[in-house]
Amino acid sequence: MTRNQGISNTILDLVGETPMVKLQRVTKKLKGRYYAKLEAFNPGLSQKDRIALHIVENAEKKGILKKGATIVETTSGNTGYSLAMIGLVKGYKCILAVSDKSSQDKIDLLQTMGAEVHVCPANVPAADPRSYYEVAKSIHKKTPNSVYINQYFNELNIDAHYRTTGPEIWEQTKGKITHLIVASGTGGTISGTGKYLKEQNPNVKVLGVDAIGSVLKKYHETGQLDLNEVAPYKIEGLGKNLIPTATNFDVIDIYEKVSDKEAAFAAREITNKEGIFCGYTCGAVLQAARQYEKQDYFNEDSVVVLIFPDHGSRYMNKIYNDSWMKEQGFI
Ligand SMILES: Cc1ncc(COP(=O)(O)O)c(C=O)c1O
């Protein structure tokens, strides 16, 4: 670990090498020891800094991305922020197709960071021309000298976590990790981190977190994409209505689905009991840990790492807002 030990050249040198902290209270009733990997310590406040930087630098090395070029991407917000930040430092324009499920704070933030934002409906099929996938593709086609990051179908998404998050967790737990619990969206984090850890110790169990209303768990269990599973839900960045190739399903042992309500309360509990101001999917991961524990996945010797993907500041108008919680019928 070398971060924070001297003067960094740019903010981008501070991506990765995030801290890990023992959970003191929220996992007290569960068997084993629980550690949170705090991805909010990345300069863009989320794990997406890792993949954004890796994919951009790879395109630069291949000569695909030249000065003055445009970066195009679909994003629920976090990848967009990371790309906008990278664009500002490296001199690229950034155009983002964002789901209308994303919080207004996230959209404002992207515009503040100089990105051009196109808001698209979340509840349409992926192949619909209004979906953020199709909108991003069409912007890419229309924009000369542009690069489409394509995080859902880009192998480098997995590779970024294989090279960084996995080794960091192995080192931080001194090889003692027994279980990894990760929120699955594009699947890059769970697949890359899980692959690295299983290569070090094949007994490490990789436990996925999916949303009620997403297709991932059923696809993992049956190999079938069942669109009857698709239903609207509130958690941003978790689950999918398609099968991303950035998910390596072979690395994942099992998925557990969590509800919007339980994930929201779990996130608020982490903030209130641990002092870790955390995002919505951090709550989803804690809720999944509790569900896995009920099914006897852990014992007193378990060393369980939970990846906490982002920071609570992005959800002030959602899970940390009582009016929003009431509107959803959660309180
Ligand atoms: C807040 C948040 N949590 C979790 C995830 C899931 O991470 P991954 O896409 O690597 O599966 C995302 C992805 O968009 C996210 O934004």
Side-chain angles (χ1 to χ4, degrees), residues 18 36-40 42 44-52 54-55 73-83 96-99 101-103 105-107 109-110 122 132-133 149-162 164-166 180-196 206-211 214-217 220 233-249 251-252 255 258 260 263-264 266-267 270 277-288 306-315 318-319:
T18 54
K37 174 85 168 149
L38 301 181
E39 289 296 289
N42 282 296
L45 309 186
S46 88
Q47 62 194 15
K48 293 296 182 177
D49 281 0
R50 298 176 186 266
I51 70 153
H54 188 53
I55 295 170
E73 182 55 328
T74 55
T75 167
S76 69
N78 282 330
T79 307
Y81 185 93
S82 304
L83 289 169
L96 305 167
V98 175
S99 147
K101 208 164 72 173
S102 299
S103 53
D105 358 341
K106 277 187 179 177
I107 294 167
L109 207 55
L110 297 174
Y132 51 96
Y133 309 105
I149 300 293
N150 203 11
Q151 60 171 330
Y152 292 93
F153 300 98
N154 193 330
E155 280 288 310
L156 292 170
N157 179 352
I158 299 179
D159 193 51
H161 290 287
Y162 178 80
T164 65
T165 322
L180 176 74
I181 312 184
V182 191
S184 196
T186 67
T189 311
I190 191 166
S191 306
T193 310
K195 179 168 182 257
Y196 181 86
V206 177
L207 311 178
V209 185
D210 191 15
S214 154
V215 298
L216 299 177
K217 178 176 162 63
H220 180 251
Y233 57 89
K234 296 289 167 192
I235 312 174
E236 297 160 38
L238 185 71
K240 272 287 133 238
N241 57 357
L242 51 70
I243 305 302
T245 57
T247 307
N248 179 349
F249 287 91
V251 163
I252 301 159
Y255 272 108
V258 299
D260 285 340
I270 294 164
F277 188 26
C278 72
Y280 204 166
T281 52
C282 304
V285 172
L286 173 62
Q287 176 57 27
L306 289 73
I307 298 185
F308 280 5
D310 73 351
H311 194 260
S313 54
R314 294 190 171 159
Y315 305 89
K318 288 204 160 182
I319 56 171

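Numbering of ligands and ligand atoms starts at 1, following listing order.
- The environment of NZ in Lys318 is crowded: more than 12 heavy-atom neighbours from other residues, nucleotides or ligands sit within 6.0 Å.
- Residue Ser184 has no N or O atom closer than 3.5 Å to an N or O atom of ligand 1.
- Residue Gly185 has at least one heavy-atom neighbour below 4.0 Å for each of these atoms of ligand 1: 6 (C), 8 (P), 9 (O), 11 (O).
- Atoms of ligand 1 found under 4.0 Å from any heavy atom of Gly187, numbered from 1 in the order shown, are 8 (P), 9 (O), 11 (O).
- Considering backbone and side-chain atoms alike, Gln151 places every N or O at 3.5 Å or more from each N or O of ligand 1.
- In summary, the atoms of ligand 1 found under 4.0 Å from a heavy atom of Thr189, numbered by their order in the structure, are 7 (O), 8 (P), 10 (O).
- To the nearest 0.5 Å, atoms CD (Glu155) and CG (Asn248) are separated by 8.0 Å.
- Contacts between Asp310 and ligand 1 below 4.0 angstrom, taking non-hydrogen atoms only, involve the side chain exclusively.
- Between the OG1 atom of Thr281 and the CG atom of Leu306 there is a distance of 11.5 Å, given to the nearest 0.5 Å.
- An N or O contact shorter than 3.5 Å is missing between Glu236 and ligand 1 by distance.
- Polar contact with ligand 1: absent for Pro309 (N/O pair, distance under 3.5 Å).
- Judged as a side chain to side chain contact (heavy atoms under 4.5 Å, CB included), and not counting sequence neighbours, the contacts of Lys195 are Tyr162, Glu199, Val251.
- When non-hydrogen atoms are compared, ligand 1 lies under 4.0 Å from neither the backbone nor the side chain of Tyr81.
- Here Tyr233 pairs with nothing under the ring pair (Phe, Tyr, Trp, His ring centres under 6.0 Å) rule; sequence neighbours left out.
- Using a 4.0 Å cut-off between heavy atoms, Lys48 contacts ligand 1 through its side chain alone, with no backbone atom that close.
- Thr75 places none of its side-chain heavy atoms less than 4.5 Å from the side chain of Leu83.
- Against a heavy-atom cut-off of under 4.0 Å, Gln47 is close to the following atoms of ligand 1: 4 (C), 5 (C), 6 (C), 7 (O), 10 (O).
- In this structure, of Ile235, Asn157, Ile158, Asn78, the residue bringing a heavy atom nearest to atom 1 (C) of ligand 1 is Asn78.
- Between His311 and Phe277, the ring-plane angle classifies as perpendicular under the 30° and 60° cut-offs.
- Considering Asn157, Ile252, Thr186, Thr189 as possible partners of Thr247, the one that fulfils the side chain to side chain contact (heavy atoms under 4.5 Å, CB included) test is Ile252.
- Taking every heavy atom of Tyr315 and a limit of under 4.0 angstrom, the matching atoms of ligand 1 come to 1 (C).
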Applying side-chain hydrogen bond (donor to acceptor under 3.5 Å, both in side chains) to Ser184 and Tyr255, what does each step give before you reach the verdict?
CA-CA 9 Å; Ser184 196; Tyr255 272 108; 2.9 Å; yes

